[in-house]
Each structure stands twice: as structure tokens, then as C-alpha cells.
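Here's the structure, in C-alpha cells; my notes come after.
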Amino acid sequence: MNPEKLFHEFLRKKILQKGGMKPSELEDAVGKYYEEWENTPCHETDGLSPKAYYERITDARRLVRELRDSLADGDAPPVITERLMRLEGADDALCDLLLDGNATEKIRLAAADLLNVRDSVPVETYIECVFDPDTPETLRETLIGRLEKCGEKTAEPLLRRIDETEGDAKTVLAELLVYSGVRDERIYGFLIGLADDKKILPFALDMIGRYGDERAIKKLTELARTCDYADYTDIRNAVEMLGGELEITRDFTDDATYKKIKGEKK
């Protein structure tokens, strides 16, 4: 059964009964008629209203399959999503849909949205998706945003990834570890290690500053002795975020980045 198709047919008949409808009226009418449709018995739903029909379904995997089929052709039918929001035991089926690499990003995002609405963020499942290189970027960013709000629950599964994470994924791991709010020597060591990578130094400095461990001031001061002007200003900002003050001064008159930055400001 295709609930969206059934509703569109119901809506078409309503519009014909009214003798047509202006485009400006249609948007308000859709919500009104959807509520009427979902509470109106019909043949396709065994003589029940669509809402009552879906309320009696207790098989979460069946509902998830119907959701997936609907999203393949159009939008998620509220009559299905509202049932999945409340259905006990739906978390596992939604997690499986989220992890399904064969599903479209739209479908996987819908699964994540429903898990969030159910206030049932599966931290380890989200982390698995975030660090899967095949995860679509919009979905990854959405899950990162949700994980950032989960606090210390994310710390241990993230810490287990420190030794195995490489490349650009290190920046994602660093950000999530900082947002976890947990203090741990492994986190401190990981963040300090990122400062040795010139390519991501500004990012690493921001994370170190946000993490807030003043022991990093010593490391940052040493970096400031040999870096260019642009990095020097970032280091100084990070030290100030940590509650300190960079206790060295340097002459950058001949520094290329100094000349460029000062030239742009004129």
C-alpha cells in the first residue's frame, strides 16, 4: 500500500468537490485534508482509517520497509513516521536502516531523524557511520551534530578509535572528543599530537584551546619559537584561550605571511 498515493487521490477529489483551488490556498488545505484523510475509513486500509490501520501494526521492520518504499518514490508519510516515533522496539529496525549502505542518503537521514525524535540516539551506531568512509557527507555532518550533544556517553567508543584513525578523520575525532567534555590523558595526548601536523595546525590549536588543559601552553610556546606569523597569531590565541599569555616576542618583519597579512589590512 502507498499511503502518499492514497492521500493524493483523496486530496484530488476534495479539490474537485470545491470546484478547484488557488495555489495560495493549497498549502493550508493540505494539512487540513491530511488530518481528515488519516481519520477517514477506506477500502484500502481494511475499512479502518489509515491512522487506525497503522496503529495496529506492531512489526517495526514492516513499517520501516514501508517507510523505505515511500521515500524511494517521494516523501515520508506522516501516518507511518508518527507511528514509528512511538512504537516500542523500533530502535533496532531504524538502526539497521541507518547502517544500510545500499539505502539512499535520504532514507538513512530519515532513520536518523526518527531515532533523534524518539530520544534514542544510538551513540556507537552513529560513531560507526561517522567514521565509515562510504557514509554520504550530509548524513555524516548530521550525525556529528547529534553526537556533539551527547556529552560523555561518546567518550569511550571514541577513545577506542584513537590508534586506528587516520587522515582527515582525525579532525572529526578530535572535535567529537572535545565536545564529549571528558578529561582523559589519551585525549590530551591526541590533541597535542595533532599540533605537529602543519596542515591542520590552526584546527589543532582551536581544539586544544577548547579542551582547556593549560599544560598545553608549554608545547605551544615551543611551537611559537619557529613558526610563521600566521601560525604565531593562532598559537597566541590558543594560549589565551587556555588562560595564559605567550611569553615570547619575535620580529616578523621579513616573514612572508606577516607582509601578506599586514599588506591586506592596509
Taking atom CD of Glu214 as the centre, report whether more than 12 heavy atoms of other residues, nucleotides or ligands fall under 6.0 Å from it. no
Could you grab the distance from atom CZ of Phe190 to atom CD of Glu185, nearest 0.5 Å is fine? 15.0 Å
Sub-4.5 Å side-chain heavy-atom contact between Phe131 and Glu164: no
For the residue pair Ile200 and Lys170, establish whether any side-chain heavy-atom pair is separated by less than 4.5 Å. no
Taking atom NZ as the centre, does Lys106 end up with more than 12 heavy-atom neighbours from other residues, nucleotides or ligands that are less than 6.0 angstrom away? yes
What closest approach, in Å, do Leu63 and Ile57 show between heavy atoms, and which atom pair accounts for it? CG-CG2, 3.8 Å
Heavy-atom distance under 4.5 Å between the side chains of Leu223 and Asp231, does that happen here? no
Would you find more than 12 non-hydrogen atoms of other residues, nucleotides or ligands less than 6.0 Å from Lys198 atom NZ? yes
Leu99 side chain reached by Glu128 side chain, heavy atoms, under 4.5 Å: yes
State whether Tyr188 and Arg215 meet the cation-pi test: NZ (Lys) or CZ (Arg) under 6.0 Å from the six-membered ring centroid, and within 45° of the perpendicular axis. yes
Taking only residues at least two apart or on different chains, which pairs with a member in residues 72-82 satisfy side chain to side chain donor-acceptor pair (under 3.5 Å)? none
With a 6.0 Å cut-off (strictly less than), is the heavy-atom count around CD of Glu141, excluding the residue itself, greater than 12? yes
